[in-house]
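Structure, as structure tokens:
Chain naming here is simple, since letters A, B, ... match the order of the sequence lines and numbering starts at 1 in each.
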Number of protein chains: 2
Amino acid sequence: MTQEDPSLKERKVISIGTVRDLTGLSERQIRYYEERKLIFPARSGSGIRKYSFSDVERLMEIANQMEEGVQTHEIRREWKKKEKENENWKKQMLKGQIQAHFKQNRN
Amino acid sequence: MTQEDPSLKERKVISIGTVRDLTGLSERQIRYYEERKLIFPARSGSGIRKYSFSDVERLMEIANQMEEGVQTHEIRREWKKKEKENENWKKQMLKGQIQAHFKQNRN
DNA sequence: CGTGTAAGGAATTCTGACACG
DNA sequence: CGTGTAAGGAATTCTGACACG
């Protein structure tokens with residue numbers, strides 16, 4: 001109904017204590033993963049970290065990787081890789097769209 | 001992906017300061033509307049109020065009503081009324097489903 | 001490297017109350 | 001009735017550091 005929904009999952013509104021409860025991680029761990037550039041909370045005016053549901057999901061993925069013994073460094077590397085692949089995929093899709101468009105016009 | 005999504009909007013994870021920022025209402029107002037049974041935050045173990053995105057939406061509707069000069073009492077009354085109507089509507093739908101089912105079986 | 005913890009301070013939240021109207 | 005505010009206390013969060021390994 002109210003149209004501001006699209007990004008509910010991305011809104012940074014959850015503070016670290018709640019994230020702790022949601023993920024089962026310690027605050028120390030959550031802050032550390034930020035230090036290692038795995039997670040990027042927003043900050044309230046007074047400097048308090050605010051997380052989104054997306055961030056919470058991400059933290060749970062990180063927790064899984066860590067359990068498997070993967071180092072934060074590796075997690076970050078893999079993440080960036082997938083990010084790049086995703087971008088390329090989007091580019092290809094766009095290309096396809098454009099070609100399809102011209103094809104249609106020629107018929 | 002992670003299957004716990006359905007209720008993202010209902011998860012009580014936002015504390016009152018953030019709700020204040022999101023709605024523009026004062027904390028006093030937010031607590032008062034709770035006192036008047038218009039909103040029902042959860043409580044953390046230590047007694048801190050936690051709101052959902054749904055609650056935030058609701059608060060914005062309340063704010064609109066209040067601006068129009070409607071009393072909390074009236075808002076509550078109207079709300080309960082709509083709730084009841086909604087329940088009846090669901091019952092009717094269910095009835096329809098059942099009838100359709102039997103009809104199909106007879107053919 | 002990843003995480004626990006004690007330390008000190010700042011910001012948040014809570015309740016009950018007085019105020020105005 | 002609806003809301004502001006000062007009051008005192010409890011819970012939360014923050015950072016930088018020491019510890020272990």
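Applying the salt bridge (charged side-chain N to carboxylate O under 4.0 Å, His left out) rule to pairs touching residues 84-94 of chain A yields nothing, sequence neighbours excluded.
Of the candidates B:Gln29, B:Arg28, B:Glu34, B:Arg36, B:Arg36 is the only one forming a side chain to side chain donor-acceptor pair (under 3.5 Å) with B:Tyr32. Exactly one residue among A:Gln71, A:Glu78, A:Glu74 makes a side-chain contact (heavy atoms from CB on, under 4.5 Å) with A:Gln65. That residue is A:Glu78.
In this structure, the CD1 atom of B:Ile48 is 5 Å from the C1' atom of D:dA11, given to the nearest Å. Rounded to whole Å, atom C1' of D:dC14 lies 13 Å from atom NZ of A:Lys50. The separation between A:Lys12 atom NZ and D:dT13 atom P is 16 Å, rounded to whole Å. We find that CZ of B:Arg43 is positioned 6 Å from P of C:dC14, with the value rounded to whole Å.
Remark: DNA chain C takes part in the stems C:2-5 with D:17-20, C:17-20 with D:2-5, each of 3 or more antiparallel Watson-Crick or G-U pairs, criterion distances under 3.5 Å.
Distances shorter than 4.0 Å separate some side-chain N or O of A:Ser46 from OP1 or OP2 on C:dT12. Residue A:Arg49 places no side-chain N or O under 4.0 Å from the OP1 or OP2 atom of C:dA11.
Scanning both residues, B:Ser15 and B:Tyr51, for their nearest heavy atoms gives C-CD1, 4.4 Å.
Of all the residues in residues 15-33 of chain A, A:Ser26, A:Arg28, A:Gln29, A:Tyr32, A:Tyr33 reach under 4.0 Å from DNA chain C with at least one non-hydrogen atom. Contacts of residues 65-73 of chain A with DNA chain C (heavy atom under 4.0 Å): A:Met66, A:Gln71, A:Thr72.
Of the possible donor and acceptor atoms, none in the side chain of B:Asn86 sits under 3.5 Å from a partner among the backbone N and O of B:Glu83. Remark: side-chain polar atoms of A:Asp21 are not paired, donor with acceptor, to backbone N or O of A:Thr18 under 3.5 angstrom.
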Legend entry - Trace of the side-chain contact (heavy atoms from CB on, under 4.5 Å) decision for B:Leu8 with A:Leu8: CA-CA 8 Å; B:Leu8 265 198; A:Leu8 266 197; 5.9 Å; no
Inset, instruction - Check the pair A:Lys50, A:Arg43 against side-chain contact (heavy atoms from CB on, under 4.5 Å), reporting the backbone distance first and the verdict last. - result: CA-CA 6 Å; A:Lys50 295 295 175 188; A:Arg43 294 276 185 153; over 6 Å; no
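A search for side chain to side chain contact (heavy atoms under 4.5 Å, CB included) contacts involving A:Ile98 returns A:Leu94, A:Phe102, not counting sequence neighbours. Taking the side chain to side chain contact (heavy atoms under 4.5 Å, CB included) definition, one finds that B:Arg58 meets it with B:Ile39, B:Phe40, B:Ile62, B:Trp79, sequence neighbours left out.
There is no path of hydrophobic side-chain contacts, each under 4.5 Å, that joins B:Ile48 to B:Val19.
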